[in-house]
K.L.:
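This structure is in structure tokens; I'll ask about it shortly.
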Amino acid sequence: MRLLLHDTGHNARTAWALTLLQDRVIEGIVLSAFDTPRTPLRRHWPASRVVEALQRAGGEVLLDVGTHAVTLPTTNRLDAYDTWELWPGARGDLGSAAGRQAHAERVVARQQDLGLAPIAPTVGIRDPLGPEAQTALDLLDRAQALDPAAIALVIGRPECWAAGLRLDDFVGQLVQREPQRVFLGVLRGSLDYPVSGVVAAEVEGICRTTQSLSLRSQVGVLQADFCGLPAVAAGATDLGTGWYLRQRLLAPDAFRTNTGTRRNSSRITHQGLMAVMKRREAEALLRRDAAMSSRLVPGRLPPDNTLWRHHLERLRAIAVAVGSAGGLTDRVDYLSAAYDTATVDFARARGLLGHLEFDESQWILPYRSGLADFALAEGL
Amino acid sequence: MNQADIDEAVRVLGVTSVIPLGRGGQKLVAGANLSSDSVVLKLVEIAGPHATVTLARAKREVDLLGRVRHPNVVGLRSPLVEIGSPPRLVAWLEERLDGQDLGVGFGRRWSWAETRSLVGDVLEGLDALHSEKVVHRDLSPGNIRHTSGGRFVIMDPGIARWIEESSLTGAFDPGTPGYMSPEHVVDGVHPTAASDLFCLGILAYQALSMAQPIPFTGDRVDYADRLRGTQAESVASVTTGLSSDQCAFVDRLLKRQVARRFITVDEARRALATL
Ligand SMILES: Nc1ncnc2c1ncn2[C@@H]1O[C@H](COP(=O)(O)OP(=O)(O)O)[C@@H](O)[C@H]1O
Ligand SMILES: [Mg+2]
């Protein structure tokens, strides 16, 4: 199980990342073309400098070129992005074979220039048998032709992951490209966390896809945080996360200006709940039942200035526990049991506090039923 | 197909002792002699609304057979000749395979050893096709010959599709009902190498059990729905005496989900080698 930290674009945060690498809390960093510029930009370090520092600390460094983000209609946070010069023609022009080829060439070359294993460009997919999926496969083909080790990236909207047989048909086409490594991501509607409206079918779809791909490839889930745990049970070995919401989730708002940097700094991660809780709620729980609080966090409530690290350590602990529980059945059993326990604990916490801002219905239940459906379908 | 054109093809190709073997649609298959060699003469009529496609299909078949020289793929014995201008008929010669079509042997249950030899031979033939980036798309009992020497040989790659070229569409239904893969029936998806492996799985399943994993019962829509939406029962449920690894091998060829199936001849060959 490897934790990948997503980019923040802040130089100071690079220092955090270095600490986390040195302390083996994370194994790698996924830089984003939207956050780290290629050439010096205002106070930002250029990518080459960031890459060098992170690699010196022993981390795997990857670059997410964010083609799936720049092609969203609301994306306008482009100052770092434009320094990458990824479009010889018009930005976002994937309508012609020439446009796709030119973009793929730039994307692969930029990553190779930095000495990074290239991630193929992709677009967000709604219908796994629709035109976006064809564009995604075409871009992968072009990237693989340029570098056979290109990592496949699949970004699906929730309905893509919930599309059942159509998703399987797409995954069948994907595996026949025989990528050595595949990253999966869910393009959400917003950066709300916990994610609202998650349905079991999308969780099951991610699990089934992960299991299918893991037969031949190394699979990772990007910008996934706690939502990625079912995929870890299903065989994913890389899990992408961070301390800001836009590191934990993928949504159009992450690529817009002036949406503010939303962070979870006043929220405390409870490993046992696989959730983050408002500090006020966490403190109330501590007062009502210190033993329970200490079991769920676990330990004392961390001070605000260590929350970033605390979250990654707690996520890592549960992800490693799931990932190393054994074979597929054991991993799924382990996570199911953890979800069951968390469901009971949420109910008890709600009983103690009278009310919770969010509870198991957002943090646990959709994932638990998706995982259960997956287990049933696989005959586990 | 008019007799004068047939006579002309026979003359141009220089064959004698022509004896019809079968005739289906626009294709006529005949045994013949080319000097002392036993050959098969194939004649395809280029007429009707799909003349262009029929011509292209025949050209592809011959082009393909000319490129693929392999003991488990039928050999080509002449170039393609066109009769008439524009062509009314095309014709070519293939090696004549003795023995019988695979389907003739399906009247009894096969042992694992016999089935393994079928699967092994067809995998080698498919390897030759797939290396040329060609998908057969119609591996069915009428398109595999079991020779008297015990060899299995793939014939009739007439609807084979070059993976990298656009498909010929519209003029014919690819595949034979009962012997299709899920990819044959899904809009927006095309049969690939992995689909040929599924079809090989059907043949192995039928050889071992005398039953089809997803039988065709006369209704194409229903067949397509079941092909796409249901996972075939394990071959273990219709046979006795097979090891669980042998069953798992056949079952894996028949996985509804491509990703769960063997997707290359190499994958299947490696698994078969351990059985
Ligand atoms: N090279 C050959 N050697 C022996 N028999 C052949 C050969 N080619 C075809 N046949 C016989 O003729 C039948 C039909 O030939 P095929 O090329 O499969 O035509 P169709 O397109 O009508 O299926 C085969 O099923 C087989 O019995
Ligand atoms: Mg035939």
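Naming convention: chains lettered A, B, ... in sequence-line order (proteins, then strands); numbering from 1 in each chain.
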K.L.:
Hey, is CD on B/E233 packed in by over 12 heavy atoms from elsewhere, all under 6.0 Å?
P.N.:
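It does not: B/E233 CD has 12 such atoms or fewer within range.
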K.L.:
Are side-chain heavy atoms of A/Q173 and B/T192 found at a separation under 4.5 Å?
P.N.:
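Not touching, per the 4.5 Å side-chain cut-off.
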K.L.:
Checking A/R166 against chain B: side chain, backbone, both or neither under 4.5 Å from a heavy atom?
P.N.:
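Both parts, heavy atoms under 4.5 Å.
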K.L.:
Are A/D169 and B/R228 close enough that some pair of their side-chain heavy atoms sits under 4.5 Å apart?
P.N.:
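Yes, their side chains come closer than 4.5 Å.
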K.L.:
What part of B/E183 gets within 4.5 angstrom of chain A, counting heavy atoms only: side chain, backbone, both, or neither?
P.N.:
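It is neither, since no heavy atom gets under 4.5 Å.
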K.L.:
Which atoms form the tightest heavy-atom contact between A/L215 and B/A259, and what is the distance?
P.N.:
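A/L215 and B/A259 have their closest heavy atoms at CD1-O, 3.7 Å.
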K.L.:
Compare all side-chain heavy atoms of B/T264 with those of A/E178 and state whether any distance is below 4.5 angstrom.
P.N.:
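Side-chain contact under 4.5 Å: yes.
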K.L.:
Could you check whether any side-chain heavy atom of B/D187 comes within less than 4.5 Å of a side-chain heavy atom of A/L129, counting everything from C-beta outward?
P.N.:
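With C-beta onward as the side chain, the pair stays apart.
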K.L.:
Other residues, nucleotides and ligands only: do more than 12 of their heavy atoms fall within 6.0 Å of OH on A/Y334?
P.N.:
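It does not: A/Y334 OH has 12 such atoms or fewer within range.
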K.L.:
Test side chain to side chain contact (heavy atoms under 4.5 Å, CB included) on A/R216 and B/I263; report intermediate values, then the result.
P.N.:
CA-CA 10 Å; A/R216 300 178 181 85; B/I263 55 168; 3.6 Å; yes
K.L.:
So, applying side-chain contact (heavy atoms from CB on, under 4.5 Å) with A/S212, which one of B/R260, B/K255, B/R261 is it?
P.N.:
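With A/S212 as partner, B/R260, B/K255, B/R261 yield a single side-chain contact (heavy atoms from CB on, under 4.5 Å), made by B/R260.
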